[in-house]
Amino acid sequence: MVRYEGKTVITLNVNGQPHEVMVRPADLLLDVLREQLGLTGAKPGCKNGDCGACTVIIDGWPAKSCLVLAVEAEGHVILTVEGLEGKAPIQKSFVKDNAFQCGYCTSGFLMVCHALQMQHPDMPEEHVIEEWLQSNICRCTSYQEIRRAVHGMYNNKGL
Amino acid sequence: MIPCDVVYYRPGTLMEAYEAYRLLQIEGKKPLYYAGGSEIITMSRAGSIRPSAIVDIKRIPECMLLSANDEGLHIGSACTLNQIKESRLFPLLGSSCGRIADHTNQCRITLGGNLCGTIIYRETSLPLLLSDARVSLFGSQGMRTVPFQSVFHGRMRLKPSEVVVQIHVPGWALKAPFFHVKHTTNEKIDYPLVSAAALWKDGNMRIAFSGLCSYPFRSSKIEAVLNDWSMPVSARVDKAAELLPEEPYSDVEGSGEYRLFVLKNMLHALLEDYTNGKI
Ligand code: FES
Ligand code: FES
């Protein structure tokens with residue numbers, strides 16, 4: 001049985017690379033990604049699971065990293081917005097459709113949309129897109145443009 | 001950042017989990033079984049709870065099972081709401097799961113966590129109360145499997161150190177006609193003003209509610225009235241609304257009076273849909 005007390009070194013698989021981090025069991029994945037790995041794409045917003053700014057992808061599904069302990073992410077495949085390397089169809093689509101204003105929510109939305117495409121390689125029904133997007137909040141209300149960008153991701157493959 | 005030090009346990013077997021939890025309790029610690037963790041993390045961050053240890057059950061195979069066979073459906077307590085919904089194996093439960101929190105959180109929140117958490121709505125309990133579901137629990141006597149209704153009275157009533165392992169739903173319930181609705185005050189993603197689930201067996205409607213009172217419930221008295229086809233729909237609805245097990249719940253989302261108003265409209269629509277063959 002795994003047991004962690006106090007500070008411990010664990011290995012996290014982030015963006016295809018193993019990374020050693022020193023964590024307390026109560027440390028959030030969000031804080032560890034940002035403060036120890038310098039992966040600041042996942043943003044702290046509410047830190048309460050409500051806004052989605054901290055969204056990453058774990059084993060192919062979106063996860064709010066403010067609601068995941070770093071220790072429980074051990075052994076899972078974690079993808080952050082940095083791991084998309086600017087090449088994901090949704091990133092190109094966001095640029096094309098101006099799907100952001102201040103950009104604070106953008107990395108979270110990108111990860112939700114990218115996970116949507118991983119799980120639904122072909123465009124799903126509109127209610128599915130809506131359901132996935134409802135997990136995130138955009139303070140600047142770019143919702144229409146974001147929805148358009150998702151359609152663009154499927155229709156143009158982000159080109 | 002969670003402002004307390006916790007000890008993290010990740011057992012690979014039920015016995016390891018139970019023993020770890022039991023020993024922590026003997027030592028006077030405050031352990032919690034941990035699955036999706038959403039509620040434990042948010043409440044710890046807010047300082048509402050201060051667990052000194054968590055026992056993560058997500059690597060225990062029995063808690064991760066999701067499979068159907070001739071007997072019915074078996075769902076591990078650490079299965080996420082999204083897994084249950086995507087499986088489409090029990091449409092009524094899938095519908096309930098799909099209206100709890102948002103989609104991303106549904107990928108984390110587990111069936112066991114929703115049933116055992118402190119948030120009063122526990123909406124996944126409704127389909128289980130209706131479907132003659134059984135629950136497997138692991139504790140001092142090993143595994144015991146009992147009717148879900150015998151251990152769920154508003155919330156799970158477990159023995160000390162006991163952990164929820166699996167829920168078993170009989171085959172008939174997976175294919176039975178059903179109805180599910182969740183009314184919220186403003187946003188679609190919110191706690192329920194009134195959430196109702198109904199399931200038909202042998203032509204009789206079974207119905208359970210969340211949000212209406214301070215705990216989820218199924219009421220045989222309400223079911224008897226709603227199934228009494230000798231009375232007109234409006235009389236059945238009015239009578240059913242008088243049979244709540246306690247005063248309707250009242251909070252910032254809506255007064256008790258408003259909840260009753262929503263309930264009556266919802267029951268009207270439900271009975272009329274059923275009469276018109278829409279369910
Ligand atoms: S910071 Fe995680 S959901 Fe808002
Ligand atoms: S672009 Fe500013 S919060 Fe979304």
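Numbers restart at 1 for each chain; the letters A, B, ... are given by sequence-line order, proteins then strands.
Heavy-atom pairs under 4.5 Å with chain A were tallied for N105(B), T42(B), I189(B); the largest tally goes to N105(B). Your options are L133(A), T55(A), V68(A), V112(A), and the one with the most heavy-atom pairs under 4.5 Å with chain B is V68(A).
Atoms OH and CG, on Y34(B) and L69(A) in that order, are 3.5 Å from each other to the nearest 0.5 Å. The distance from atom CD of E5(A) to atom OH of Y9(B), rounded to the nearest 0.5 Å, is 7.0 Å. Here the OG1-CG distance, from T104(B) to D50(A), works out to 12.0 Å after rounding to the nearest 0.5 Å. In this structure, R45(B) CZ and K47(A) NZ are separated by 8.0 Å, a value rounded to the nearest 0.5 Å. Taken from OG1 in T13(B) to CE in M1(A), the straight-line distance is 8.0 Å, to the nearest 0.5 Å. Rounding to the nearest 0.5 Å places CZ of R108(B) at 4.0 Å from CD of E72(A).
Across all non-hydrogen atoms, the minimal contact from P25(A) to V6(B) is CG-O, 3.2 Å. Looking at every heavy atom in both residues, C107(B) comes nearest to P62(A) through CB-O, 3.8 Å. Nearest heavy atoms, A26(A) versus C4(B): CB-O, 3.4 Å.
Neither the backbone nor the side chain of E187(B) comes within contact range of chain A; no heavy atom of the residue lies under 4.5 Å from a heavy atom of that chain. The part of I54(B) that comes within reach of chain A is its side chain, from C-beta onward, which places non-hydrogen atoms under 4.5 angstrom from that chain. For a residue to count as touching a neighbouring chain, one of its non-hydrogen atoms must lie under 4.5 Å from one of that chain's; by this rule V71(A) touches chain B with backbone and side chain alike.
For M143(B), the CE atom counts as densely surrounded, since its 6.0 Å shell holds more than 12 non-hydrogen atoms of other residues, nucleotides or ligands. Surrounding OH of Y143(A) are more than 12 heavy atoms belonging to other residues, nucleotides or ligands, all under 6.0 Å away. Counting non-hydrogen atoms of neighbouring residues, nucleotides and ligands closer than 6.0 angstrom, the CZ atom of R50(B) reaches no more than 12 such neighbours. Around CD of E27(B), the count of heavy atoms belonging to other residues, nucleotides or ligands within 6.0 Å exceeds 12.
Aromatic ring pairs are classed by plane angle as parallel below 30°, tilted from 30° to 60° and perpendicular above 60°; the pair H103(B) and W61(A) is tilted.
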Note to self: Go through it in stages, so that I can follow the logic: the residues are K85(B) and E131(A), the test is salt bridge (charged side-chain N to carboxylate O under 4.0 Å, His left out), and I'd like the CA-CA distance, side-chain angles, deciding distance and then a yes or no.
What the structure shows: CA-CA 13 Å; K85(B) 186 179 70 169; E131(A) 189 182 34; 2.8 Å; yes
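Side-chain contact between E74(A) and R10(B) is present, with heavy atoms from C-beta onward closer than 4.5 Å. Between Q134(A) and D102(B) there is no side-chain heavy-atom pair separated by less than 4.5 Å.
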